[in-house]
Amino acid sequence: MKIMSALLSSALLVAAPATAQQTAPRADQLAFRDLYQELVETDTTLSAGSCTLAAERMAARLKAAGFGDDKLTLFADPGHPKEGGLVAVFPGTSKTAKPILLIAHIDVVEAKRADWERDPFKMVEENGYFYGRGTLDDKGQAAIWTDTLIRFRKEGYKPKRTIKLALTCGEETNGAFNGAEWLAANKRDLIDAEFALNEGGGGDSDGKGHVIGQSVQVGEKTFANFRLETRNAGGHSSVPVRDNAIYQLARALTRIDEYEFPVEMTDTTRRFFSEAGAARGDETGKAMAALAADPADKAAEAIVNKDRFLHGNIRTTCVATLLDGGHAPNALPQRAGANINCRIFPGHPIEQIKAELEKVIGDPGVTVTQLPPKRPAPPAPPLDPKVIGPMERLVARYWPGLKVIPSMANGYTDATFLGAVGIPTYGIPGIWGDPDGNGVHGLNERVEVKAVYVGRDFMYDLVKAYADKP
Ligand SMILES: [Zn+2]
């Protein structure tokens, strides 16, 4: 899900005019709402739900709209029967134009009824919001993609490009069976596309009905966990010796703490630092613009580093997150260990980061081992005008005065798996969220009704723009 909200809200002070007053939903919006509700109300948590059932229900909707069985691929790994997904194909007329892929995950973060104000698996419309787990992350997008294909089919639309849809499971739980990873490894041809449209971008509202920013996510960091371990013969704590597993580990951790990975920028982050920095206009904003112009500007870097998001957006970071060691209060430790969580700037092989950690530690007595799950580390997608251009034009039309800002996420989505098999993946603008984060991954998840309906029209137009002009 989108991680940038707070920053963009403070970065962009230009407010677009509030969109039209609340009007009665159109007939096509009501048809969509029904599909959306069915998807939200199909529990897809890892503990108790079924992505497979949700995928089957969306496949049934597509089938009812005229999609043949040969255009629908339901998939599930036998070891994970409830974590399945769906690929749908809407063929284009051109023999040479490459397909585009619309992707959304249909699994959701766990939600306890007792903690929520309303049933998380009932979609409730109240005070201009849709409430329910996944209404924003990411079933809004999944429902809109599915509904867009249904609309195209019903309208007899003939796209030049083939349009593909992938609804996948396992995005929210690290190490769970991941549908995007599975498709990339096993069904590369089925999902082959020139580029993919995904979650991770989106709009920001001021919380008072105005959309104040729209962003496209271009690239994200990947992650790796490393176990640091020291071992020692140990002994009685009444006769300590210099050589001690805990102190040895502590020295290694101190070196990692004191080490700062070098500043790096992609085309996207350079543009983000320049444009979002200029829009802020404060001390941090000026430093952002200066750093974009000259990444070696140490004074600007020092100011930028004070903001924790920006600090992590311009480099790889590695931080200690778990610690263990020793076996008795009166014994010298035989073993000490720590987990180091690294968020890796796009394009660096994990082995390179491991080697860098070993160099920083400078002690062969400290072993560094990468732990599963192992994520790929693809380069960031290009700032391709063919992809970004239609977003810019449509954002200007839907929200006059707003400019779509490209940004790189410090977190990650399924884009990593697609990028690793050569499908550049972009988190699209469109649906917007509120300054408080909308309860995504937390309590009482909600999304503005208008954000869904306007976002849906925007996404429909966006897909057409790509499909019409390969
Ligand atoms: Zn998500």
Side-chain angles (χ1 to χ4, degrees), residues 1-3 35-61 74-87 103-124 129-143 145-146 166-186 198-200 222-225 321-322 339 341 371-375 411-417 433 436-447:
M1 214 19 242
K2 199 156 172 301
I3 308 155
L35 180 154
Y36 180 36
Q37 180 164 3
E38 182 179 37
L39 189 58
V40 170
E41 296 190 353
T42 306
D43 182 346
T44 52
T45 56
L46 185 61
S47 66
S50 173
C51 286
T52 305
L53 179 60
E56 285 167 359
R57 287 176 170 168
M58 293 302 105
R61 295 265 182 176
L74 285 159
F75 63 94
D77 180 89
H80 303 267
K82 291 186 171 176
E83 294 159 67
L86 170 70
V87 176
I103 186 162
H105 67 87
I106 51 173
D107 60 315
V108 292
V109 173
E110 304 291 332
K112 273 197 193 140
R113 174 66 188 96
D115 299 342
W116 282 52
E117 284 170 33
R118 307 161 192 81
D119 185 341
F121 298 104
K122 288 270 170 267
M123 194 172 89
V124 177
Y129 282 87
F130 290 121
Y131 287 86
R133 175 55 93 217
T135 46
L136 184 53
D137 185 14
D138 184 32
K139 285 178 168 173
Q141 190 176 41
W145 287 149
T146 309
L167 301 179
T168 62
C169 200
E171 198 274 340
E172 296 290 10
T173 313
N174 216 342
F177 173 78
N178 183 295
E181 182 179 20
W182 188 88
L183 286 171
N186 299 285
N198 185 32
E199 65 172 339
T222 190
F223 76 87
N225 285 300
T321 52
L322 293 168
N339 187 82
N341 181 255
L371 303 176
K374 297 191 175 180
R375 300 274 291 203
Y412 51 86
T413 68
D414 284 336
T416 328
F417 297 116
D436 71 356
N438 295 67
V440 163
H441 291 204
L443 289 177
N444 308 316
E445 183 172 345
R446 67 179 205 287
V447 58

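Quick caveat: nothing in here was measured; it's all calculated off a predicted structure.
No side-chain heavy atom of Pro81 sits less than 4.5 Å from a side-chain heavy atom of Phe177. No side-chain heavy atom of Thr416 sits less than 4.5 Å from a side-chain heavy atom of Phe223. A 4.5 Å side-chain heavy-atom check between Glu445 and Trp116 finds at least one atom pair inside the cut-off. Within the 4.5 Å cutoff, side-chain heavy atoms of Leu183 are placed close to those of Phe75. Within the 4.5 Å cutoff, side-chain heavy atoms of Asp414 are placed close to those of Asn178. In this structure, the side chains of Tyr36 and Phe130 come closer than 4.5 Å at one or more pairs of heavy atoms. Side-chain atoms of Leu35 and Met58, non-hydrogen and from C-beta on, do get closer than 4.5 Å to each other. Looking only at side-chain heavy atoms (C-beta outward), Glu83 and Asp107 stay at 4.5 Å or farther from each other.
For the side-chain hydrogen bond (donor to acceptor under 3.5 Å, both in side chains) test with Thr42, the passing option among Arg57, Glu56, Lys139 is Arg57; the others fail.
The backbone N or O of Gly79 sits less than 3.5 Å from a side-chain atom of Asp77, completing a donor-acceptor pair. Put simply, the side chain of Glu110 never gets that close to the backbone of Thr45: no donor and acceptor are under 3.5 Å apart. Checked by atom type and distance alone, the side chain of Gln141 pairs as donor or acceptor with a backbone atom of Glu199 at under 3.5 Å.
Taken from CG in Asn339 to OG1 in Thr321, the straight-line distance is 4.0 Å, to the nearest 0.5 Å. Here the CG atom belonging to Asn438 is positioned 10.5 Å from the CG atom belonging to Asp137, to the nearest 0.5 angstrom. Rounding to the nearest 0.5 Å gives a distance of 8.0 Å between CG of Asn225 and CG of Leu322. Taken to the nearest 0.5 Å, the CZ atom of Arg133 stands 7.5 Å off from the NE2 atom of His441.
Gly84 and Thr52 make their closest contact through N-OG1, 2.8 Å (heavy atoms, listed as atom of the first residue, atom of the second, distance). Closest approach of Leu167 to Ala142, counting heavy atoms only: CD2-CB, 3.8 Å.
Under the side chain to side chain donor-acceptor pair (under 3.5 Å) criterion, Ser50 pairs with no residue at all, not counting sequence neighbours. Considering only residues two or more places apart in sequence or on other chains, Asp436 meets the salt bridge (charged side-chain N to carboxylate O under 4.0 Å, His left out) condition with Arg446.
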(request) Give the C-alpha distance, both sets of side-chain angles, the deciding distance and a yes or no for side chain to side chain contact (heavy atoms under 4.5 Å, CB included) between Asp138 and Trp145. (result) CA-CA 11 Å; Asp138 184 32; Trp145 287 149; over 6 Å; no

(request) Please lay out, stage by stage, how Leu46 and Glu172 fare under the test side chain to side chain contact (heavy atoms under 4.5 Å, CB included). (result) CA-CA 9 Å; Leu46 185 61; Glu172 296 290 10; over 6 Å; no

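A donor atom on one side chain and an acceptor atom on the other are not found under 3.5 Å apart for Thr146 and Arg61. No side-chain donor from either of Thr222 and Arg375 sits under 3.5 Å from a side-chain acceptor of the other. Asn198 and Thr413 are linked by a side-chain donor-acceptor pair at a separation below 3.5 angstrom, with hydrogens and angles left out of the test. Tyr412 and Asn174 share a side-chain donor-acceptor pair at under 3.5 Å.
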